[in-house]
Every structure is written in structure tokens, then in C-alpha cells.
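First up is the structure itself, then whatever we jot down about it.
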Amino acid sequence: MQLNLFMNNLLRPQDYIDYSRQAHNYSVISSRNLSNEECIQQAYGWASGAAYFHLGVKPCSRYFLINLIINDSERLREFRQTMLLSPPRAIIYETETGPDLDWDSFERKYFPYQIILRECYLKYPGSDVYFSKFQGQSQQECLRRNI
């Protein structure tokens, strides 16, 4: 292990890969110059708050850490409604290392990210970032049809 002074903690070699992956995703989103009205959502992971902090872009839902509301059906309904009313301009979706919850079950019961991404978003090559296919009402309607 090495001491990483920037992050002020000990990192394993795998942590460098994960950080590099995140940094790349952030640069992909930054290259789009999102407006102040647009929001993004990182689907999973305890570090999702870092995306909003580093990019200076707001999350689409105040419940950006799904792990904290996974057992609260009222907050899960609010999360879903918020995502429908304010569809993300970009979604960071990575299930290999990010989530430590049963994301497949979450998507079947509450919010079908994979279906939404397939139907309403386009993946930026070489990243975990998906950008909306449509704008405004059209994007809302796409999400509504697929949830």
C-alpha cells in the first residue's frame, strides 16, 4: 500500500484504477458544459457525492446515496418521482465496483436503470457515463414510458 496525500488515506493498487475510472467519467461529463439547470445522477456507490462535488453539478435527487434509503419505501417512491420530474442529463452507471447493495433487486422493484439507459440514454464510449437522448418533456416521457 502507498500513502496518497491527495486523498489523505492508504490506497491499494485497485483504488488507483477506481480513482482513474472516476476521474475519466468526471472529465467526460465536464466536456459537455452542462447548464446550471441540468442535473446528473450517479446510480450507485458510497462515493457518489464526490461526483457532484468535483463537477459542481447538482444531483437530480436529494437521495443520491441509495444505500441510505433502500429500506424506506416512502423515500424510494420520492426518489423515483424526482427522477421522473427532473431526468438526469447524465447518469454514471457502474455496477462492477460501485454498489454494495443488491442493485438487480433495486432495479426490478424501484428504478429500472438498465431499461432507462437502454431506451432513453446513449453511452459515451470508454466510460460509465450515459447522456440523455432527448431534451425536456421528451426525456421525461421516455422515462415515464419505461418505468
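On a predicted model such as this, the values are computed, not experimentally measured, just so you know.
Shortest non-hydrogen contact noted between Pro87 and Cys39 is O-SG, 4.1 Å. Nearest heavy atom pair, residue Ser86 against residue Cys60, reads O-CB, 3.5 Å. Closest approach of Ser127 and Lys123 over heavy atoms only: O-CE, 2.7 Å.
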Would you sort out whether Tyr93 and Tyr121 count as a ring pair (Phe, Tyr, Trp, His ring centres under 6.0 Å), showing the intermediate values? CA-CA 11 Å; Tyr93 185 84; Tyr121 288 82; over 10 Å; no

Under the criterion side chain to side chain contact (heavy atoms under 4.5 Å, CB included), I'd like the reasoning laid out for Lys133 against Cys120: C-alpha separation, chi angles, the key distance, then a yes or no. CA-CA 6 Å; Lys133 284 183 183 178; Cys120 305; 5.6 Å; no

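Heavy-atom neighbours of Lys109 NZ from other residues, nucleotides or ligands within 6.0 Å: at or below the threshold of 12. Taking a 6.0 Å sphere around OH of Tyr52, one finds it holds more than 12 heavy atoms contributed by other residues, nucleotides or ligands.
Taking CZ of Arg145 as the start and CD of Glu119 as the end, the distance is 8.5 Å to the nearest 0.5 Å. Atom CG of Leu143 and atom CZ of Arg80 lie 10.0 Å apart (nearest 0.5 Å). Between atom CZ of residue Arg75 and atom OH of residue Tyr63 there is a gap of 4.5 Å, rounded to the nearest 0.5 Å. Atom CD of residue Glu74 and atom CD1 of residue Ile69 lie 11.0 Å apart, to the nearest 0.5 angstrom. Distance check, rounded to the nearest 0.5 Å: CG of Leu65 to CD1 of Ile70 gives 12.0 Å. From Ile116, atom CD1 reaches atom SG of Cys142 across 7.0 Å, with rounding to the nearest 0.5 Å.
A heavy-atom distance below 4.5 Å is found between the side chains of Leu76 and Phe106. Side-chain contact between Gln140 and Gln137: present, with at least one pair of heavy atoms (C-beta onward) separated by less than 4.5 Å. Arg118 is listed as a side-chain neighbour of Ile115, based on a closest heavy-atom distance under 4.5 Å. You'll find the side chain of Trp46 reaches within 4.5 Å of the side chain of Leu68, heavy atoms only. Contact annotation: the side chain of Ile66 approaches that of Phe79 to within less than 4.5 Å [non-hydrogen atoms, C-beta and beyond]. Using a 4.5 Å cut-off on side-chain heavy atoms (C-beta onward), Arg62 and Glu78 make contact. Contact of the Phe134 side chain with the Glu141 side chain is not registered, since no non-hydrogen atoms from C-beta on lie closer than 4.5 Å.
In this structure, His24 contributes its side chain and Gly126 its backbone to a donor-acceptor pair below 3.5 Å. Using modelled atom types, one side-chain atom of Asn25 and one backbone atom of Asp128 make a donor-acceptor pair closer than 3.5 Å. With Ser48 contributing its side chain and Phe64 its backbone, the two residues share a donor-acceptor pair below 3.5 Å. Proximity of a side-chain donor or acceptor of Glu107 to a complementary backbone N or O of Gln114 within less than 3.5 Å is detected.
For the ring-ring contact (aromatic ring centres under 6.0 Å, His included) with Tyr113, the qualifying choice from Trp103, Tyr130, Tyr44 is Tyr44, the only one to do so. Exactly one residue among Gln139, Glu37, Gln41, Glu38 makes a side-chain hydrogen bond (donor to acceptor under 3.5 Å, both in side chains) with Arg89. That residue is Glu38.
Residues Met83 and Ile147 fall within the same hydrophobic cluster, defined by Ile, Leu, Val, Met, Phe, Trp and Tyr side chains chained together at heavy-atom separations under 4.5 Å. Tyr110 and Leu85 end up in different hydrophobic clusters when Ile, Leu, Val, Met, Phe, Trp and Tyr side chains are linked at under 4.5 Å. Ile92 and Leu122 fall into different hydrophobic clusters, where Ile, Leu, Val, Met, Phe, Trp and Tyr residues are linked whenever their side-chain heavy atoms come under 4.5 Å apart, directly or through other members.
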